[in-house]
Number of protein chains: 2
Amino acid sequence: MPVSKQVTFTEQPNVNAATCPSRSVLEHITSRWGVLVLAALLEDGRRFSELRRIIGGVSEKMLAQTLQTLERDGFVHREAHPVIPPRVDYSLTEVGEQAARLVSGLARWSEAHVTGVLAAREAYDNRT
Amino acid sequence: MPVSKQVTFTEQPNVNAATCPSRSVLEHITSRWGVLVLAALLEDGRRFSELRRIIGGVSEKMLAQTLQTLERDGFVHREAHPVIPPRVDYSLTEVGEQAARLVSGLARWSEAHVTGVLAAREAYDNRT
DNA sequence: CCGTATCCCTGACGATACTG
DNA sequence: CAGTATCGTCAGGGATACGG
């Protein structure tokens, strides 16, 4: 790749970071709650309330929104059972599982290096 | 991992998503400009103005802020040359290169699947 | 050239209340 | 139980101006 080219991940000229469509995919799967939802579903299919409990600190609104976004992108399958009380199961699709494995790998890498990063931060802060 | 456990990536009980320290690492390397900076540096060391040009649409403020964050975390090495006019070179550290390869992989995966995702979105929107 | 400082605004997010 | 609706807050990020 020539030096003069922009970094766009699309190989198309004149497509900058802001308008690059793959950015939206990346943002959805690496979002604050997207990562945790994918990780939770990677282990097993879940109900809404299960997800809410397993992922600590997520509001109903954000969980619903995250699940809708991931469903719309084709990463999550939603199955509503017409029973009383309502029951909805969420699971990963084929591509969703690929995505989940990738972000999960990134998360595990972060976890493995968090000590070193914390040390680096302290060293950085302690230098005048 | 037992079903009853929270998803925290730390294996520590009572540490929820919001306070999990590895989240901050993940957020820094997957941030809007973090991804693009790492990708740009993965190819080659860069000067500030080079990065600004290569990454379209980034403000000086955000580029400086992103580079500082990544430097503080120990992912980016900053070398200021005491010359007139000022010249500063940025490059990846060892861990920074690992991080860059991972996020770059995720970015390439996103790029490869963007067509399918776009189709999924349209299908989702067209169902009543 | 390489940033820092300031202002300001959008939109992400949480809290709360309500519905099928 | 599984959401939707509404409101308020506040931090991310752009624009601009200025400093070393």
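Below, read A as the first sequence line, B as the second, and so on, with proteins coming before strands; counting in each chain starts at 1. All values reported here derive from a predicted model rather than from experimental measurement.
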**Asked** How close or far is atom P of D:dC1 from atom CG of A:D89, stated in whole angstroms?
**Response** 14 Å
**Prompt:** Do any of residues 70-84 of chain B sit with a heavy atom less than 4.0 Å from DNA chain D, and if so which?
**Reply:** none
**Fill in**
As a check of understanding: the bend across the helix from C:dC1-D:dG20 to C:dG20-D:dC1, end axes from five pairs, rounded to 10 degrees, works out to 50°
**Item:** Nearest heavy atoms of B:S110 and A:S22, plus distance in Å
**Value:** CB-O, 3.9 Å
**Message:** Please confirm whether the shortest side-chain N or O distance from B:Y90 to OP1 or OP2 of C:dG3 is below 4.0 Å.
**Reply:** yes
**For the student: nearest non-hydrogen atoms of B:L38 and B:V103, plus distance** = CD1-CG2, 4.0 Å
**Message:** If you compare every side-chain N and O of B:Q68 against the phosphate oxygens of C:dT4 (OP1, OP2), does one of them come in below 4.0 Å?
**Reply:** yes
**Item:** A:Q65 vs B:Q65, nearer the 5' end of DNA chain C by closest nucleotide
**Value:** B:Q65
Find every protein N or O atom lying less than 3.5 Å from an N or O atom of nucleotides 14-20 of chain D, and list the pairs.
| unit_1 | atom_1 | unit_2 | atom_2 | d |
| --- | --- | --- | --- | --- |
| D:dG14 | OP2 | B:S59 | OG | 3.3 |
| D:dG14 | O6 | B:K61 | NZ | 2.4 |

**B:L51 versus B:A40, closest heavy-atom pair with distance** = CD2-CB, 3.8 Å
**Prompt:** Is it the case that A:R127 places NZ or CZ above or below the six-membered ring of A:Y124, under 6.0 angstrom from the centre and within 45 degrees of the axis?
**Reply:** yes
**Item:** Least distance between heavy atoms, B:F48 atom then B:E60 atom
**Value:** CZ-O, 4.0 Å
**Asked** Between C:dC1 atom C1' and B:R53 atom CZ, what is the distance in whole Å?
**Response** 14 Å
**Message:** Please determine whether a side-chain nitrogen or oxygen atom of B:R87 lies at a distance below 4.0 Å from atom OP1 or OP2 of C:dC2.
**Reply:** no
**Message:** Just the rounded figure in Å: distance from P of C:dA12 to CD of B:E27.
**Reply:** 15 Å
